[in-house]
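Everything quoted here is computed from the prediction, not taken from an experiment. The chains referred to below are lettered A, B, ... by the order of the sequence lines, with proteins before strands, and numbering in each begins at 1.
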Protein chains: 2
Amino acid sequence: MKISAQEEYGLRCLVQLAALPDGASLTLPQIAEREGISTANAGKLMWLLNKAGFVHSTRGTKGGYSLQRPAEDIRLSEIIKVLDEDVLNKHCGSYTGVLDSCVHNGDCGIRPVIIGLHALVENALSQITLAQLVGNESSVDAMFHKVHSIHRTVEPHGV
Amino acid sequence: MKISAQEEYGLRCLVQLAALPDGASLTLPQIAEREGISTANAGKLMWLLNKAGFVHSTRGTKGGYSLQRPAEDIRLSEIIKVLDEDVLNKHCGSYTGVLDSCVHNGDCGIRPVIIGLHALVENALSQITLAQLVGNESSVDAMFHKVHSIHRTVEPHGV
DNA sequence: GACAATCTTGACGAAAAAATAATGTTTTGA
DNA sequence: TCAAAACATTATTTTTTCGTCAAGATTGTC
């Protein structure tokens with residue numbers, strides 16, 4: 001279970017924009033340089049994020065990218081969903097209830113785990129906004145710690 | 001953020017063995033057929049799981065695979081760690097504190113998110129044993145629901 | 001001991017993901 | 001109006017991951 005390159009860098013690019021003073025914007029070369037990726041790669045990511053409505057782009061000289069919505073309103077779960085190309089709906093069809101083309105119809109032992117994990121991650125990400133990623137990391141840490149402290153009180157079955 | 005094919009099918013193979021009556025075993029072709037994968041593929045997965053000490057293999061006629069440890073003792077987190085080839089330690093070095101070859105030294109806005117997510121998943125998986133995946137799924141669901149109910153009481157910052 | 005069933009392991013090929021390249025479009029300003 | 005700067009979009013290449021194949025090693029049976 002890992003974060004894909006697209007998820008990671010797409011998220012990073014948005015954080016860059018969120019850290020900008022009001023009204024400012026960044027060009028592709030600027031974004032690329034700050035993230036250590038190529039301009040072409042940054043361009044593709046920004047194109048995705050633009051299509052999804054997270055950023056606003058202006059062409060021509062003096063152009064660039066800026067956030068289209070307030071950073072406080074953008075939850076990480078939304079971002080990941082776009083950058084991940086709907087993994088939730090593709091994976092073995094178990095999320096839509098269709099279950100075609102999968103040999104594990106009816107007796108799939110790990111389905112609750114997969115579904116549970118995705119829900120767990122999605123839920124955690126839905127509680128973090130872009131704004132929280134700029135500057136102080138304490139609120140993000142606090143959120144995860146809250147979950148952890150609960151987890152540790154639960155013991156595995158049969159041990 | 002998704003589960004890799006290796007993680008998914010490796011886990012499935014172990015569930016098959018865990019569901020076996022005491023003393024029984026499965027051959028490679030049997031495992032492959034039940035999981036809808038090729039024998040070669042199953043062979044590679046079982047080889048990994050054998051190296052890691054999860055299963056015991058016997059060669060020759062009447063050979064096959066069986067669990068080396070009680071299913072009640074095997075946590076999913078251990079399994080994923082093996083099948084995932086230590087993603088935690090590779091990803092951008094941030095987990096070891098080294099941070100070489102990464103441009104985001106010192107001001108990596110998403111590091112707490114990545115670390116937090118991995119810890120969240122690892123923690124959840126450490127609370128599920130192989131035994132829980134056989135038969136009744138209720139205990140697995142219950143674990144995830146517990147986390148969810150907590151999560152929903154927390155509101156994002158600035159909203 | 002020979003043979004068949006079974007696991008082992010490294011090399012190879014196919015598929016998916018990521019990164020890059022290439023081409024086109026829009027805007028600004030001289 | 002033209003050129004430069006910047007985004008938009010599709011295609012190509014590269015890299016990584018996944019899956020397969022084949023030859024080898026081990027064990028049980030007759």
Side-chain angles (χ1 to χ4, degrees), chain A residues 1-13 16-17 24-33 35-68 80 82-87 90-92 103, chain B residues 1-13 16-17 24-33 35-68 80 82-87 90-92 103:
Chain A
M1 194 128 198
K2 77 171 91 170
I3 291 188
S4 74
Q6 192 154 280
E7 287 174 290
E8 171 170 351
Y9 282 104
L11 193 49
R12 283 191 197 281
C13 291
Q16 290 291 347
L17 295 185
S25 67
L26 287 177
T27 69
L28 273 185
Q30 286 175 323
I31 295 174
E33 199 241 329
E35 294 306 333
I37 59 180
S38 72
T39 304
N41 199 0
K44 190 187 230 174
L45 291 171
M46 295 312 292
W47 175 63
L48 275 174
L49 295 169
N50 188 14
K51 268 203 315 182
F54 291 115
V55 304
H56 170 77
S57 71
T58 341
R59 296 213 230 196
T61 313
K62 297 284 173 69
Y65 294 92
S66 56
L67 285 188
Q68 193 160 15
I80 296 299
V82 167
L83 295 170
D84 217 15
E85 302 206 37
D86 267 321
V87 169
K90 275 183 189 169
H91 187 95
C92 95
V103 298
Chain B
M1 194 131 200
K2 76 171 92 169
I3 292 187
S4 74
Q6 192 154 281
E7 287 174 289
E8 171 168 350
Y9 282 105
L11 193 49
R12 284 191 197 282
C13 291
Q16 290 291 346
L17 295 185
S25 66
L26 287 178
T27 69
L28 233 26
Q30 286 175 321
I31 295 174
E33 199 241 329
E35 295 305 334
I37 59 181
S38 73
T39 303
N41 198 2
K44 189 183 234 177
L45 290 171
M46 296 313 290
W47 175 65
L48 274 175
L49 295 169
N50 189 14
K51 267 204 316 182
F54 291 115
V55 304
H56 171 78
S57 69
T58 341
R59 297 210 231 195
T61 313
K62 295 284 171 69
Y65 294 91
S66 56
L67 285 188
Q68 193 161 14
I80 296 298
V82 167
L83 296 170
D84 215 14
E85 301 206 40
D86 267 320
V87 170
K90 275 182 191 170
H91 186 97
C92 94
V103 298

A.B. asks: Ignoring backbone atoms, establish whether B:S57 has a side-chain N or O less than 4.0 Å from OP1 or OP2 of C:dT6.
C.D. replies: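 No, outside the criterion.
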A.B. asks: Would one find a side-chain N or O of B:S38 under 4.0 angstrom from OP1 or OP2 of D:dT20?
C.D. replies: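 True: B:S38 side-chain N/O within range (under 4.0 Å) of D:dT20 OP1/OP2.
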A.B. asks: For A:Y65, run the side-chain contact (heavy atoms from CB on, under 4.5 Å) check against A:L49, A:T27, A:I31 and tell me which one passes.
C.D. replies: A:I31
A.B. asks: Quick check on D:dT9: is either OP1 or OP2 less than 4.0 Å from any side-chain nitrogen or oxygen of A:W47?
C.D. replies: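 For D:dT9, OP1 or OP2 has a side-chain N or O of A:W47 closer than 4.0 Å.
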A.B. asks: For B:Q6, which of B:D84, B:V82, B:I80, B:L48 qualifies under side-chain contact (heavy atoms from CB on, under 4.5 Å)?
C.D. replies: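 That would be B:L48; it is the only one of B:D84, B:V82, B:I80, B:L48 passing the side-chain contact (heavy atoms from CB on, under 4.5 Å) with B:Q6.
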A.B. asks: What integer distance in Å separates A:L83:CG from C:dA19:P?
C.D. replies: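 After rounding, the reported distance stands at 12 Å.
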A.B. asks: Please check the phosphate of C:dC7 (OP1 and OP2 only) for any side-chain N or O of B:N50 closer than 4.0 Å.
C.D. replies: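 For B:N50, the contact criterion (side-chain N or O under 4.0 Å from OP1 or OP2 of C:dC7) is not met.
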A.B. asks: With no angle test and no hydrogens, is the base of D:dG19 tied to the side chain of B:K44 by a donor-acceptor pair under 3.5 Å?
C.D. replies: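 Per atom types, the contact qualifies.
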A.B. asks: Could you tell me whether B:A40 contacts a base, only the sugar-phosphate backbone, or nothing, with contacts defined as non-hydrogen atoms closer than 4.0 Å?
C.D. replies: base
A.B. asks: Quick check for you: among C:dA4, C:dT25, C:dC7, whose closest atom lies nearest to any side-chain atom of B:Y65?
C.D. replies: C:dC7
A.B. asks: Is the phosphate of C:dT27, meaning OP1 or OP2, less than 4.0 Å from a side-chain N or O of A:T58?
C.D. replies: no
A.B. asks: Grab the CD1-C1' distance between B:I37 and D:dT20 for me, whole Å please.
C.D. replies: 12 Å
A.B. asks: Rounding to an integer number of Å, can you tell me how far A:L26 CG sits from D:dC7 P?
C.D. replies: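 To the nearest whole Å, that distance equals 10 Å.
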A.B. asks: When you check the phosphate oxygens OP1 and OP2 of C:dA18, does a side-chain N or O of A:N41 lie under 4.0 Å from one of them?
C.D. replies: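 No, no such contact exists.
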A.B. asks: Under 4.0 Å from OP1 or OP2 of C:dG29: is there any side-chain N or O of A:K62 that close?
C.D. replies: yes
A.B. asks: Send over the distance from B:M46 CE to D:dT20 P, rounded to a whole Å.
C.D. replies: 17 Å
A.B. asks: Between atom NZ in A:K51 and atom C1' in D:dC7, what is the gap in whole Å?
C.D. replies: 15 Å
A.B. asks: With side chains defined as the heavy atoms from C-beta onward, is the minimum distance between A:M1 and B:I3 less than 4.5 Å?
C.D. replies: yes
A.B. asks: Take atom NE2 of B:H56 and atom P of C:dC7, then tell me their distance rounded to the nearest Å.
C.D. replies: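 Between P of C:dC7 and NE2 of B:H56: 12 Å.
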A.B. asks: Would you tell me if any nitrogen or oxygen in the side chain of A:Y9 comes within less than 4.0 Å of OP1 or OP2 on C:dA17?
C.D. replies: no
A.B. asks: Measure the shortest side-chain to side-chain distance between B:M46 and B:C13 over non-hydrogen atoms and say whether it is less than 4.5 angstrom.
C.D. replies: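 Yes. Closest side-chain heavy atoms under 4.5 Å.
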A.B. asks: Whole-Å distance between D:dC7 C1' and A:I31 CD1?
C.D. replies: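 Taking atom C1' of D:dC7 as the reference, CD1 of A:I31 is at 11 Å.
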A.B. asks: Of the nucleotides C:dA19, D:dC18, D:dA4, which one has an atom closest to the side chain of A:A5?
C.D. replies: C:dA19
A.B. asks: In this structure, how many angstroms lie between the C1' atom of D:dT17 and the CD atom of A:Q6, rounded?
C.D. replies: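 Going from CD in A:Q6 over to C1' in D:dT17 covers 16 Å.
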A.B. asks: Rounded at 0.5 Å granularity, tell me how far CG in A:L28 sits from CH2 in A:W47.
C.D. replies: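 It comes to 13.5 Å.
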